[in-house]
**Student:** 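Handing you this structure, nothing more for now.
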Amino acid sequence: ACTDIPFAPHWEADWTVPLPVTPIILSDNFPTSVILPGMSGSVSIPVQTQALDQAVGQVLTQDISRAILKLHYTMTLPLAGADTLFIADSLSALTSASPNRIVFPILLAPTGAAGADAVDTLVAGSPELALLRRAGASDAGSLYIQVRGRVRNPGTGPIVLTGADVIGLSLEMTARIPISK
């Protein structure tokens, strides 16, 4: 009924979708348990799949006006790094430079227990939002997620790794969709 009245209020709703991301286990990514000053190493997590069930898929097929990706990370060791979060609609798109993936660079710094947020905003009409809509519209829609990059010891002393040392990761996407037009 509101669409027939030109002065009726228009409103939008934000839908937050948690996406799975496992932590980066540092001892699995470094060949030694001691990271000397200036030493760096590649880090990554295995590819994760997020099936887009009916509710999430239906939200993603809406006329999304904006989506915000928020990666929360915790890194208690005094390391620094540059990682990249990749989100794609197919496994092959994660590693190819194509418009079928979202590339979200993340600068890592020690955070302590509280962690830090890295935020990226996807705007209406962007190829990234088109990717999310296509994935949501597919009957067997899925998003493929991976984090990979490098971390290094920027300090002057060695850092000793244990099996419990991780870069904790959590990812969520908040999509803004119109409720009334």
Side-chain angles (χ1 to χ4, degrees), residues 3 10-26 28-29 40-75 80-109 111 115-151 166-181:
T3 58
H10 298 267
W11 65 89
E12 299 176 315
D14 288 344
W15 290 77
T16 300
V17 179
L19 299 171
V21 182
T22 60
I24 297 172
I25 301 169
L26 292 168
D28 289 352
N29 289 275
S40 68
S42 296
V43 294
S44 67
I45 61 168
V47 174
Q48 315 244 299
T49 304
Q50 170 69 50
L52 302 176
D53 63 12
Q54 290 179 350
V56 174
Q58 188 175 27
V59 167
L60 293 179
T61 59
Q62 301 298 311
D63 216 3
I64 301 173
S65 62
R66 181 183 78 196
I68 297 172
L69 296 173
K70 182 170 82 171
L71 181 79
H72 182 81
Y73 73 92
T74 55
M75 187 165 61
D83 284 5
T84 304
L85 169 71
F86 297 93
I87 301 174
D89 60 358
S90 71
L91 192 55
S92 62
L94 276 177
T95 56
S96 67
S98 76
N100 293 332
R101 71 179 183 166
I102 297 169
V103 178
F104 177 14
I106 306 148
L107 293 177
L108 297 173
T111 63
D117 292 333
V119 177
D120 191 19
T121 302
L122 311 176
V123 295
S126 68
E128 294 88 358
L129 278 185
L131 172 136
L132 295 174
R133 291 187 77 189
R134 281 193 312 274
S138 172
D139 287 338
S142 293
L143 292 175
Y144 297 85
I145 301 165
Q146 187 179 36
V147 176
R148 56 184 188 268
R150 295 191 70 77
V151 296
V166 300
I167 300 174
L169 301 169
S170 66
L171 174 66
E172 66 182 36
M173 177 182 60
T174 302
R176 178 161 287 176
I177 60 172
I179 299 298
S180 68
K181 297 181 183 182

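Side chains included, hydrogens not; waters and symmetry mates left out as well; all remaining heavy atoms used. Numbers here are sequence positions counted from 1.
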**Student:** Test your reading of the model: is there a side-chain donor-acceptor pair from Gln50 to the backbone of Ile145, 3.5 Å cut-off?
**Tutor:** no

**Student:** Run the side-chain contact (heavy atoms from CB on, under 4.5 Å) test on Ile87 and Phe104 for me, step by step, so that the C-alpha distance in whole Å, both residues' side-chain angles and the decisive distance to 0.1 Å come before the verdict.
**Tutor:** CA-CA 8 Å; Ile87 301 174; Phe104 177 14; over 6 Å; no

**Student:** Just so I know, are the side chains of Leu132 and Leu143 near enough to count as touching, which here means a heavy-atom distance under 4.5 Å?
**Tutor:**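 With C-beta onward as the side chain, the pair touches.
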
**Student:** Taking all non-hydrogen atoms of both residues, which atom of Gly115 and which atom of Thr74 are closest, and how far apart?
**Tutor:**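 For Gly115 versus Thr74, the nearest heavy atoms are CA-CG2, 3.4 Å.
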
**Student:** Looking only at heavy atoms, what is the nearest atom pair of Leu52 and Gly136, with distance?
**Tutor:**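 What the structure gives for the nearest pair is CD1-N, 3.6 Å.
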
**Student:** Would you indicate whether the side-chain heavy atoms of Phe86 and Val103 approach each other to under 4.5 Å?
**Tutor:** yes

**Student:** May I have the step-by-step check of side-chain contact (heavy atoms from CB on, under 4.5 Å) for Lys70 and Thr174, ending in yes or no?
**Tutor:** CA-CA 8 Å; Lys70 182 170 82 171; Thr174 302; over 6 Å; no

**Student:** Heavy atoms only: give me the nearest Ser44-Ile24 pair and the separation to one decimal.
**Tutor:**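 Minimum heavy-atom contact is O-CG2, 4.3 Å.
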
**Student:** Under 3.5 Å, is there a donor-acceptor pair between the side chain of Asn100 and the main chain of Ala88?
**Tutor:**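 No.
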
**Student:** Under a 3.5 Å distance rule, please check whether Arg176 uses its side chain to pair with a backbone N or O of Ser65 as donor and acceptor.
**Tutor:** no

**Student:** Are any side-chain N or O atoms of Gln146 and backbone N or O atoms of Ile45, one a donor and one an acceptor, separated by less than 3.5 Å?
**Tutor:**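 Looks like yes, one N/O pair under 3.5 Å.
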
**Student:** side-chain contact (heavy atoms from CB on, under 4.5 Å) for Val151 and Leu26? Distances and angles first, verdict last.
**Tutor:** CA-CA 9 Å; Val151 296; Leu26 292 168; 4.3 Å; yes

**Student:** Taking all heavy atoms of Arg133 and all of Ile64, pick out the closest pair and write down the distance.
**Tutor:** CG-CD1, 4.5 Å

**Student:** Which distance, rounded to the nearest 0.5 Å, do you find between the CZ of Arg101 and the CG of Asp89?
**Tutor:**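 Arg101 atom CZ to Asp89 atom CG measures 11.5 Å (nearest 0.5 Å).
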
**Student:** What I'd like to find out is whether the side chain of Met173 reaches to under 4.5 Å of the side chain of Leu19, using heavy atoms alone.
**Tutor:**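 Yes, at least one pair of side-chain atoms sits under 4.5 Å.
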
**Student:** Between the side chain of Thr111 and the main-chain N/O of Met75, is any donor-acceptor distance below 3.5 Å?
**Tutor:** yes

**Student:** Would you compute the distance between atom CD1 of Ile106 and atom OG1 of Thr84 and round it to the nearest 0.5 angstrom?
**Tutor:** 6.5 Å

**Student:** Say you draw a straight line from CD1 of Ile102 to CG of Leu131; how long is it, rounded to the nearest 0.5 Å?
**Tutor:** 5.0 Å

**Student:** So which heavy atom on Arg148 is nearest to which on Thr95, and how close?
**Tutor:** NH2-CA, 3.9 Å

**Student:** Report yes or no: does Tyr73 contribute a side-chain atom to a donor-acceptor pair with the main-chain N or O of Pro23 at less than 3.5 Å?
**Tutor:**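 The answer is no, because no donor-acceptor pair under 3.5 Å joins these two groups.
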
**Student:** Please report the shortest heavy-atom distance between Val147 and Val21, naming the atom on each side.
**Tutor:**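 Distance-wise, the nearest heavy atoms are CG2-CG1, 4.3 Å.
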
**Student:** Between Asp83 (side chain) and Arg150 (backbone), is there a donor-acceptor pair under 3.5 Å?
**Tutor:** yes

